[in-house]
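For reference, the structure discussed in these notes is given below.
Bear in mind that the values here come from a model prediction, so they are computed numbers and not experimental data.
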Amino acid sequence: DFLVQRSDDWGESEVHAIDFSCGEEGVSWTDWDDYEIGIAWDGMESCQSGDTVGMLLNFNEGTLTVYRNNRRLGVLKDGLSGPYCWFVHLFKPRTITDAISIKRGTLPDSDGATTN
């Protein structure tokens, strides 16, 4: 059971998993007991094939910010603390041109990112 592994590292956050969609579905999150599904967030935009999506998890601020093609879209969720891991899910069948990678990168604002 995942909740049995809860540690003090999780802090006060009640958000344990976040699902970001590049479509019009909004964001969803859970604390394993309750789910918030399809919540609109300021800056929400659809992604297109070939887009680069960046996410900045800022533990000092407790926020998860989304970038698209090096442009800040907005804060996806706040009030976050604790350990998180990344995953990717393709909702539609993968094509020969689809590519996904997860890697540590430079902060978008430090490399020419623009804000809304």
- Item | Worked check of side-chain contact (heavy atoms from CB on, under 4.5 Å) between Leu80 and Asn58 | CA-CA 9 Å; Leu80 304 175; Asn58 183 329; over 6 Å; no
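- Partners of Thr52 according to the side-chain hydrogen bond (donor to acceptor under 3.5 Å, both in side chains) rule, which considers only residues two or more places apart in sequence or in another chain, do not exist here.
- We find the CG-CG distance between Asp19 and Leu76 to be 9.5 Å, quoted to the nearest 0.5 Å.
- To the nearest 0.5 Å, atom CH2 of residue Trp29 and atom CG of residue Leu64 are 11.5 Å apart.
- In terms of heavy-atom proximity, Gly38 sits nearest to Ser28 at N-OG, 3.1 Å.
- Criterion: ILVMFWY side-chain heavy atoms under 4.5 Å apart, direct or through other members. Under it, Val75 and Ile39 are not part of a common hydrophobic cluster.
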- Worked check of side-chain contact (heavy atoms from CB on, under 4.5 Å) between Glu45 and Arg71: CA-CA 11 Å; Glu45 289 182 4; Arg71 183 174 58 88; 2.7 Å; yes
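- Residue Trp41 holds its CH2 atom at 9.0 Å from OG1 of Thr65, rounded to the nearest 0.5 Å.
- Partners of Asp51 under the side chain to side chain contact (heavy atoms under 4.5 Å, CB included) rule, at least two apart in sequence or in another chain, are Cys47, Gln48, Arg68, Asn69.
- Taken to the nearest 0.5 Å, the CE atom of Met55 stands 8.0 Å off from the CD1 atom of Ile18.
- For the atom pair Tyr67 OH and Leu73 CG, the distance stands at 9.5 Å (nearest 0.5 Å).
- Tyr35 shares a hydrophobic cluster with Ile37; the chain of contacts runs through ILVMFWY side chains whose heavy atoms sit under 4.5 Å apart.
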